[in-house]
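Scroll down for the structure; my scribbles are underneath it.
Ligands are counted one by one from 1 in listed order, and the atoms in each one are counted from 1 as well. Note that the structure is predicted; figures quoted are calculated from it, not measured.
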Amino acid sequence: MTAIETANNISDAVRKYGVMEMPDLEYSLELAKQTTPEYERVSTVIPPVEWPAFAPYVKAINELKKQRNAVILAHNYMTPEIFHCIADYSGDSLQLAKQAASTQADIIVQCGVHFMAETSKLLSPDKTVLIPDLKAGCSLAASITGADVRALREKYPGVPVVTYVNTSAEVKAECDICCTSSNAVKIVESLGVAKVIFLPDEFLANYVAGRTDVEIIDWKGRCEVHERFTAEELRAAREAEPGVAIIAHPECPPDVLAEADYTGSTSGMIDWVKTNRPKKVVMVTECSMSDNVAAETPGVEFVRPCNLCPHMKRITLPKILDSLVYLKHEITIPSDVAARARSAVERMVELGR
Ligand code: 13P
Ligand code: SF4
């Protein structure tokens, strides 16, 4: 790369804030003592032998985020050392979007997947938004393009388009309003129409269709994590663990949801466990969420099945530290796309006020 190319490749964030020194990552008894409060939060789900690998990063990240005036937003699927030890705010997609809209920080480090970081950038256009791994995608977001939405509009003229936040900014820009798993029915009904196009998750669309009189036109996108659950494995869990509570995310197939005692967003599921304190529970969703709740709910046993999201698991402590030191990877959205996508997200946030 030539000097000019290198200069052109420096991100706005680096120009504005500059890179920092990589902190010392040596583990010591002193460091063990300093990070005891953080370890105590996760001691039931992270064995002591694993803590020396996490502790230097936890300390470095917590110090650096203050120096950077950065805020760390973590989705409920982050691993416990991220969720409980370095996050400033955690939550489901809607809660994280609201945090992004109201933060006073200069920098947002989004510990989640790419569409979540884009949503933060849309709601906080003047902030630097970083994602620790640009490849942290989502099978739902990858299932549809802006051109697909334009084709649907041509096929169904005048029918409004509601899009799940699990989509790219380019897709949001073609839609009327966004929704998340926690407000999808409310958003669909808020439009006051008889028919809507609902994108891109066919299972969430089916779940919404069962709870409203509004006719739903769907798209055949699926979450690669939730589509793998089966009703048979849940029936087997009930047989093996009599009295077990089964709670599921609405991205699951309909026959899986039919087996569930409760269906809700990731935060809805967490609240359900904290409120109902079942003796045993299957959280039919991403595995790390069970670990995160287990750390806070002694006495509740978390029974399998659960599945891992390979995209969420790309976000690790070393990559988060790199993010803060080198200010990578900065989220940018072309301004014409951003303006249209922002209004779809803002309409959703406004409805919740
Ligand atoms: P929530 O909005 O319920 O957190 O869901 C996001 C997601 O990606 C679930 O797979
Ligand atoms: Fe996307 Fe599914 Fe992963 Fe959620 S769990 S980020 S919907 S692939």
Examine Ser181 against ligand 1 and note whether any of their N/O atoms are separated by less than 3.5 Å. yes
What do you reckon, does Thr266 have a nitrogen or oxygen under 3.5 Å from a nitrogen or oxygen of ligand 1? yes
I'd like to check which ligand 1 atoms, numbered from 1 as shown, lie under 4.0 Å from a non-hydrogen atom of [X].
X: Ser265; value: 3 (O)
X: Asp92; value: 1 (P), 2 (O), 4 (O)
X: Tyr77; value: 9 (C), 10 (O)

Do other residues, nucleotides or ligands put more than 12 heavy atoms under 6.0 Å from Arg277 CZ? yes
Is it the case that the side chains of [Y] and [X] hold a donor-acceptor pair, with the cut-off being a distance below 3.5 Å and no angle test?
X: Glu224; Y: His311; answer: yes
X: Ser28; Y: Glu30; answer: no
X: Glu251; Y: Tyr164; answer: yes
X: Ser288; Y: Lys313; answer: yes
X: Asp92; Y: Thr266; answer: no
X: Lys65; Y: Asn62; answer: yes

Whether His226 lies under 4.0 Å from ligand 1, heavy atom: yes
Mark the output for His75 as yes if a heavy-atom distance to ligand 1 is under 4.0 Å, and as no if none is. yes
Identify, for [atom], the protein heavy atom at the shortest distance, and state residue, atom and that distance.
atom: atom 6 (C) of ligand 1; result: Ser93 OG, 3.4 Å
atom: atom 10 (O) of ligand 1; result: Glu251 OE1, 2.8 Å
atom: atom 5 (O) of ligand 1; result: His249 NE2, 3.3 Å

Using a strict 4.0 Å cut-off to heavy atoms of Tyr77, name the atoms of ligand 2 that fall inside it. 5 (S)
Near atom 1 (Fe) of ligand 2 (protein N/O/S, cut-off 2.8 Å, waters excluded) we have Cys138 SG
Quick one: is the NZ or CZ of Arg211 closer than 6.0 Å to the six-membered ring centre of Tyr207, and within 45° of its axis? yes
Where on Asn166 is there a heavy atom closer than 4.0 Å to ligand 1, on the side chain, on the backbone, on both, or on neither? side chain
My understanding is that only one of Ser267, Ser182, Ser265 makes a side-chain hydrogen bond (donor to acceptor under 3.5 Å, both in side chains) with Gln95; could you say which? Ser267
Run Thr35 and Trp51 through side-chain hydrogen bond (donor to acceptor under 3.5 Å, both in side chains) and show every step you take. CA-CA 10 Å; Thr35 56; Trp51 188 242; 3.2 Å; yes
Step by step, would you call Thr103 with Tyr89 a side-chain hydrogen bond (donor to acceptor under 3.5 Å, both in side chains)? CA-CA 10 Å; Thr103 183; Tyr89 299 101; over 6 Å; no
Carboxylate-amine/guanidinium proximity below 4.0 Å for Glu154 and Arg150: no
